[in-house]
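When reading the values below, keep in mind they use all heavy atoms of this one structure, side chains included, and skip hydrogens, waters and symmetry mates.
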Amino acid sequence: MSNQVRTRFAPSPTGFMHLGGLRTALYGYLFAKKMGGKFILRIEDTDQERFVEGATEVIYDTLRGCGINWDEGPDVGGEFGPYIQSERKATYLPYAKQLVKSGHAYYCFCTKCELDERRAAAEARGEVFKYDKHCLHLSEEEVQAKLDAGVPYVIRQNAPTTGETSYDDLVFGHMTFPNETLDDMILIKADGMPTYNFANVIDDHLMGITHVMRGLEYISSTPKYNLLYEALGWEIPQYIHMAPVMRDATHKLSKRDGDAYYSDYVEKGYLTEALINYLALVGWNPGNDREFFTMDELVEAFSVDRLSKSPGIFDVDKLTWFNAEYIRKLDADKYLELATPWFDQVLAGKGICYKRLAELMQTRTEVFNRVPEMVKFLGELPEYEAEMFTNKKAKTNPEIAKAALEMLRPVIAGIEDWTETTIHDVLMAKIAEAGMKNATALWPLRIAISGQMSTPGGAIEIAWLLGKDECLRRIDLGIAKLA
RNA sequence: GGCUCCUUGGUCAAGCGGUUAAGACACCGCCCUUUCACGGCGGCUACAGGGGUUCGAAUCCCCUAGGAGUCACCA
């Protein structure tokens, strides 16, 4: 039990769930569950200027909606709580002071303003700015005097300037960094809050995190974290850094392009299961050809050593294909339930049989937001051009189309039993009697009653959905257009 | 710029010294067919470049190029 795997997802509550973050959470969950361990949710809100109302709920709802459930977290509790960093404020300062005492950290009274100036000056000289340990050289008396005088301060890590620090990453392998590149990062801010850099180390240790899984943007600060663990006498966790999810070769998914957040996709009509399934495969693969996974199957198949080191481009086309596949596998009733609001956008009150329409639409639906445009013609005949009656393969032109419509109209008008079977049998009999190719008569009919080049279903299905009266009305309109 | 990392088709990717270099999406044909879609069949396109090591390299080493990340009192 003591060496049980414990992973955590530690998002900052911004109000949105980025797909990259969602994938990080997913992998953390999969790994913990695969290893029979625990998955912990921790909210990292140490930056009070960024507080967003309702942001933690977005995190809860998204994760739960995706089937990523945490064993410990703010709302479910756990023995290492609280799980919201702002509520843990008091726990960090003592550790920082301990570090000061042992020489691994020091008080710094340089103001942000001064530092900005020095940073700008360094940049102007074309140099990389690194804190010069100015305040490290203050005497104990000087420090105490400033503290007593209430001068604002931060606490900085005292990083070594020579030698090197290395660690083993489960994805990237052995990583080594020259210590001279390590900056004395701030541990405690002037407002008394810890920085992410510090809180994360303290909390990961206190919460017994065994495997730290996060984006590779933390790779280069990891040596500084390790120095902290060592200074505190704590065991360093295993690291699993992950390459990012990209929009294209050089850009990450972005808010600006409306393609970065989980909610963007849900609103467009992507199914959560499809999104999770696809997302799992950007940066990870099971080592075989398999592509379809439920959450439980992902847990079963997951392994850290199949995580990719290179960034993965989020391919909306592939996601859309997954979505279409998931939609096709839905029970007919479920599809109907999900499609109804989209049908309603353009067909509310039009008397169209949604059940039959749903049957017709299910194999044709890739993403739900494309549904309204596809079925709109049932509610209202769109404007269309007479040229549409001409089709080479169906061997039709305006004259032939007109003749076909005039031939079919009375037959349709005579149908008493308005069922697809009857409509089909009656029309086919008439067409055969006339010695025509099916398409030669049915193409014009479908164009006349739909006004579209392509429709979900053929002339017979469309006719039935429309009802006899509307069908005849549209045929007359078509004949008039061809006159 | 310093540091760290990455590089197989348009995209996701298999491959871990010997393969005709998988598979999927996309795209393009053909079939099915009353349109479209589904389904079936087929096709197109890849080891970033250059040096080594080796009988043999996509696989190991070096260099170059390109790309990413990082260098905040943000996380």
Side-chain angles (χ1 to χ4, degrees), chain A residues 10-12 14 44-47 49-50 85 108 110-112 115-116 119 123 126-130 152-156 169 172-173 175-178 180-183 185-191 193-197 199-200 214-223 241 243-244 246 248-252 278 281-291 308-322 324 328 360-366 374 391 393-394 424 427-428 431 437-447 450 452-462:
Chain A
S12 183
T14 59
E44 309 230 334
D45 59 346
T46 53
D47 184 3
E49 289 177 19
R50 282 215 223 168
Q85 283 182 335
C108 172
C110 297
T111 65
K112 193 166 193 292
L115 291 171
D116 286 344
R119 205 186 319 277
E123 249 172 65
E127 294 169 9
V128 178
F129 177 76
K130 195 182 150 191
Y153 68 91
V154 301
I155 295 180
R156 283 182 185 273
D169 189 290
F172 289 90
M175 309 284 287
T176 303
F177 298 81
E180 61 177 324
T181 64
L182 271 27
D183 199 7
M185 63 180 184
I186 289 173
L187 271 20
I188 299 291
K189 300 187 261 191
D191 65 0
M193 283 292 245
T195 55
Y196 162 84
N197 293 127
N200 133 326
R214 49 157 78 130
L216 54 62
E217 61 268 29
Y218 298 107
I219 278 186
S220 45
S221 34
T222 298
H241 285 104
M246 311 285 284
D248 57 47
T250 55
H251 304 276
K252 292 177 110 172
Y278 173 62
L281 263 14
V282 180
W284 173 83
N285 76 82
N288 55 41
D289 282 352
R290 185 165 177 193
E291 294 201 287
S308 175
K309 290 189 210 179
S310 47
I313 294 174
F314 189 83
D315 182 358
V316 179
D317 283 340
K318 181 96 186 203
L319 166 66
T320 299
W321 175 77
F322 266 106
R328 282 176 210 123
L360 260 13
M361 284 294 292
Q362 190 163 358
T363 59
R364 289 168 241 254
T365 306
E366 292 188 300
M374 291 171 75
N391 181 281
K393 218 178 153 193
H424 174 271
L427 290 184
M428 289 311 196
I431 293 166
K437 189 178 169 181
N438 289 340
T440 308
L442 294 173
W443 175 275
L445 176 59
R446 197 179 53 80
I447 294 298
S450 72
Q452 293 187 170
M453 291 296 281
S454 73
T455 50
I460 289 151
E461 290 85 357
I462 303 298

Scanning both residues in full, the closest heavy-atom pair of A/Leu445 with A/Leu427 reads CD2-CD1, 3.8 Å
What one should report as the nearest heavy-atom pair of A/Gln452 and A/Arg446 is O-NH1, 3.5 Å
Rounded to whole Å, how long is the line connecting atom [atom1] of [X] with atom [atom2] of [N]?
X	N	atom1	atom2	value
A/Glu180	B/C71	CD	P	18 Å
A/Ile447	B/U34	CD1	C1'	11 Å
A/Glu291	B/U11	CD	P	17 Å
A/Met185	B/C73	CE	C1'	13 Å
A/Ile431	B/U34	CD1	P	10 Å
A/Met175	B/C6	CE	C1'	11 Å

Which nucleotide, in any strand shown, forms a Watson-Crick or G-U wobble pair with [N], with both distances under 3.5 Å?
N	answer
B/U19	none
B/U70	B/G2
B/U34	none
B/A48	B/U64
B/A57	none
B/C25	B/G10
B/A75	none

Can you tell me if NZ on A/Lys437 sees more than 12 non-hydrogen neighbours from other groups inside 6.0 Å? yes
Would you indicate what [X] reaches in the nucleic acid, counting non-hydrogen atoms under 4.0 angstrom: base, sugar-phosphate, or nothing?
X	answer
A/Ala190	base
A/Tyr278	nothing
A/Thr455	base

Short side-chain N/O contact from [X] to OP1 or OP2 of [N], under 4.0 Å:
X	N	answer
A/Arg364	B/C38	no
A/Lys318	B/U11	no
A/Lys189	B/A75	yes

Quick check for you: to the nearest 0.5 Å, what is the distance between [X] atom [atom1] and [Y] atom [atom2]?
X	Y	atom1	atom2	result
A/Thr222	A/Arg214	OG1	CZ	4.5 Å
A/Lys309	A/Phe172	NZ	CZ	7.5 Å
A/Asn391	A/Met453	CG	CE	6.5 Å
A/Leu442	A/Ile460	CG	CD1	5.5 Å
A/Ile186	A/Ile155	CD1	CD1	10.5 Å
A/Leu319	A/Glu366	CG	CD	11.0 Å

Query raised in the report: With a 3.5 Å cut-off and just heavy-atom distances, do the side chain of A/Arg446 and the base of B/U35 make a donor-acceptor pair?
Result: yes
Examine the base of B/A68 for any acceptor or donor lying under 3.5 Å from a partner atom in the side chain of A/Lys252, and report the outcome as yes or no. no
Gap in Å between the two [atom1] atoms, one belonging to [N] and one to [M], rounded:
N	M	atom1	result
B/C31	B/C36	P	12 Å
B/A75	B/G66	C1'	29 Å
B/C55	B/C28	P	49 Å
B/A14	B/G2	P	32 Å
B/U45	B/U8	C1'	12 Å
B/U7	B/G40	P	34 Å
B/G43	B/G52	C1'	39 Å
B/G29	B/A13	P	29 Å

Got a list of protein N/O to nucleotides 13-15 of chain B N/O distances below 3.5 Å?
| unit_1 | atom_1 | unit_2 | atom_2 | d |
| --- | --- | --- | --- | --- |
| B/A13 | OP1 | A/Gly283 | N | 2.5 |
| B/A13 | O3' | A/Asn285 | ND2 | 2.9 |
| B/A14 | OP1 | A/Asn285 | ND2 | 2.5 |
| B/A14 | O3' | A/Arg306 | NH2 | 3.4 |
| B/G15 | OP1 | A/Arg306 | NH2 | 3.4 |
| B/G15 | OP2 | A/Arg306 | NH2 | 3.4 |

Original post:
Closest nucleotide of RNA chain B for A/Gly126 versus for A/Leu115: which of these residues is on the 5' side?
Top reply: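 Nearest nucleotide further toward 5': that of A/Gly126.
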**OP:** Starting from the 5' end of RNA chain B, give me the residue, A/Phe172 or A/Asp315, whose nearest nucleotide shows up first.
**Re:**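 In this pair, the answer is A/Phe172.
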(request) Look at the aromatic rings of A/Tyr278 and A/Phe322 and report parallel, tilted or perpendicular, splitting at 30° and 60°. (result) tilted
Validation row: A/Pro152, A/Thr111 side chains within 4.5 angstrom (heavy atoms): no
(message) Would you say that A/Ile219 contacts A/Met175 through its side chain, given a criterion of any heavy-atom pair below 4.5 Å between the two side chains?
(response)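 The answer is yes, as the side chains (C-beta and beyond) meet within the 4.5 Å cut-off.
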Closest approach to the side chain of A/Met246, judged atom by atom: which nucleotide of B/C38, B/A68, B/U70 is it?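 Nearest to the side-chain atoms of A/Met246, counting from C-beta on, is B/A68.
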Going 5' to 3' through nucleotides 28-33 of chain B and flagging B where a protein heavy-atom sits under 4.0 Å of the base, S where only the sugar-phosphate is that close, and - otherwise, we get -----B
